[in-house]
Amino acid sequence: MERSWIHRLPWRRKDRADTKAAQIKFLPRLEIAREEGWANLSLSLVNKSSFMIWVEDASVALANVDTRLQSSAPSGFITQQILQYVQPKESLNVSLANAVYDAAGRPQGPYTVLLQANVRYCVFDEWSEAATCPCRIAMAAINAIDLHPARWYEKKVRITRI
């Protein structure tokens, strides 16, 4: 007995995205890249789709800057230009250490910040944004010490484009 009617049931159908742009799986995340004794804060851009993605920039918002001595007042917001393609099934790492250090006011010792990044990218002539989860980062100058996801009561970082 043939059971081809089972595959036509509505709850058995796989949901497919209507457009190619909706099929994109682009995941930005913050991580610490360790090499040769240095711990670098980097933005990892992972393209899990089968299409090439153009990444324009990353807008990074800082909140709750906790430091002892600063060279200047913290700006709390930076835009890091990336201007690169991310190949299908590949990833791209972009260093954020210098940019975060400058936006935090160039602290002269260890400091912690709450950080969230929005990455603006283009695929199929359609612009989109992807956000990282808010993270609490401990740094000493440009050297990253610790990174962990923000707790529920710390998730107040919001990025708005002007």
Side-chain angles (χ1 to χ4, degrees), residues 21 24-162:
I24 298 300
K25 294 179 184 79
F26 183 65
L27 308 168
R29 65 175 178 247
L30 296 166
E31 58 186 33
I32 296 177
R34 299 183 190 279
E35 61 180 65
E36 298 179 11
W38 287 93
N40 190 15
L41 176 66
S42 67
L43 177 65
S44 179
L45 306 170
V46 181
N47 181 3
K48 291 188 174 185
S49 65
S50 55
F51 305 103
M52 191 179 320
I53 296 175
W54 171 257
V55 181
E56 186 75 14
D57 59 20
S59 300
V60 181
L62 304 177
N64 300 346
V65 179
D66 183 21
T67 182
R68 300 276 184 254
L69 301 170
Q70 294 170 302
S71 300
S72 61
S75 65
F77 186 81
I78 51 173
T79 300
Q80 176 82 28
Q81 285 194 336
I82 299 171
L83 305 175
Q84 284 188 330
Y85 282 104
V86 181
Q87 298 294 328
K89 311 291 185 208
E90 295 287 328
S91 65
L92 172 69
N93 287 335
V94 178
S95 175
L96 292 178
N98 287 329
V100 169
Y101 179 62
D102 290 339
R106 303 180 73 76
Q108 304 300 309
Y111 61 100
T112 60
V113 296
L114 183 63
L115 185 142
Q116 182 180 9
N118 265 5
V119 179
R120 193 166 56 124
Y121 65 95
C122 181
V123 62
F124 305 117
D125 295 329
E126 185 178 315
W127 289 95
S128 299
E129 286 191 1
T132 64
C133 67
C135 292
R136 167 73 55 195
I137 299 167
M139 296 183 69
I142 61 170
N143 195 19
I145 298 170
D146 188 28
L147 175 131
H148 61 274
R151 296 188 175 94
W152 64 271
Y153 53 84
E154 293 178 316
K155 294 183 180 182
K156 63 181 180 180
V157 179
R158 297 283 181 244
I159 298 175
T160 55
R161 284 206 185 264
I162 298 172

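Throughout, numbering of the chain's residues begins at 1 and tracks the sequence. Quick caveat, the model's predicted, so the values are computed rather than measured.
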- Report the C-alpha distance between V119 and V55 in whole Å, list the side-chain angles of each, state the deciding distance to 0.1 Å, and finish with yes or no for side-chain contact (heavy atoms from CB on, under 4.5 Å). CA-CA 7 Å; V119 179; V55 181; 3.6 Å; yes

- Item | Nearest heavy atoms of R106 and Q108, plus distance in Å | O-NE2, 2.9 Å

- Message: Test side-chain contact (heavy atoms from CB on, under 4.5 Å) on Y121 and E129; report intermediate values, then the result.
- Response: CA-CA 6 Å; Y121 65 95; E129 286 191 1; 5.7 Å; no

- Answer whether the closest heavy-atom distance between the side chains of R120 and D57 falls below 4.5 Å. yes

- Note on the structure: Value for NE2 (H148) from SG (C135), rounded to nearest 0.5 Å, stands at 8.5 Å

- Message: Can a donor-acceptor pair be found, under 3.5 Å and without considering hydrogens, that links the side chain of Q81 to the backbone of T79?
- Response: no

- Shortest non-hydrogen pair, I145 vs M139, comes out as CD1-C, 3.8 Å

- Message: If you define the side chain from C-beta out and look only at heavy atoms, does anything of L41 sit under 4.5 Å from V100?
- Response: yes

- State, with a plain yes or no, whether a side-chain heavy atom of L62 is found less than 4.5 Å away from one of F77. no

- How long is the gap from CD on Q87 to NZ on K89, to the nearest 0.5 Å? 13.0 Å

- Message: Test side-chain contact (heavy atoms from CB on, under 4.5 Å) on L115 and V60; report intermediate values, then the result.
- Response: CA-CA 7 Å; L115 185 142; V60 181; 3.6 Å; yes

- Close side-chain approach of D66 to V113, heavy-atom, < 4.5 Å: no

- Message: Rounded to the nearest 0.5 Å, what separates atom CZ in R136 from atom CG in N64?
- Response: 5.0 Å

- Query: Got F26 and V46 here, is their nearest side-chain heavy-atom distance under 4.5 Å?
  - Reply: no

- Message: What's the separation between atom CG in L92 and atom CG in N47, rounded to the nearest 0.5 Å?
- Response: 10.5 Å

- Parallel, tilted or perpendicular: which describes the rings of Y111 and Y101, with under 30° parallel and over 60° perpendicular? tilted

- Task: Measure the OG-CG distance between S128 and N118 for me, rounded to the nearest 0.5 Å.
- Result: 11.5 Å

- Going by the side chain to side chain contact (heavy atoms under 4.5 Å, CB included) test, name the single residue among I137, I142, N40, L30 that passes it with L96. L30

- Please examine the side chains of M52 and V86, heavy atoms only from C-beta on, and report whether any two atoms are closer than 4.5 Å. no

- Message: Quick one: does any side-chain atom of K25 pair with a main-chain N or O of S49 as donor and acceptor, under 3.5 Å?
- Response: no

- When rounded to the nearest 0.5 angstrom, what is the spacing between CG in D125 and CH2 in W54? 13.0 Å

- Message: Any non-hydrogen side-chain atom of N143 less than 4.5 Å from a side-chain atom of W38?
- Response: yes

- Query: Of the non-hydrogen atoms in F51 and F124, which two are nearest, and what is the gap between them?
  - Reply: CD2-CZ, 3.2 Å

- Item | Minimum side-chain heavy-atom gap T132-Q116 below 4.5 Å | yes

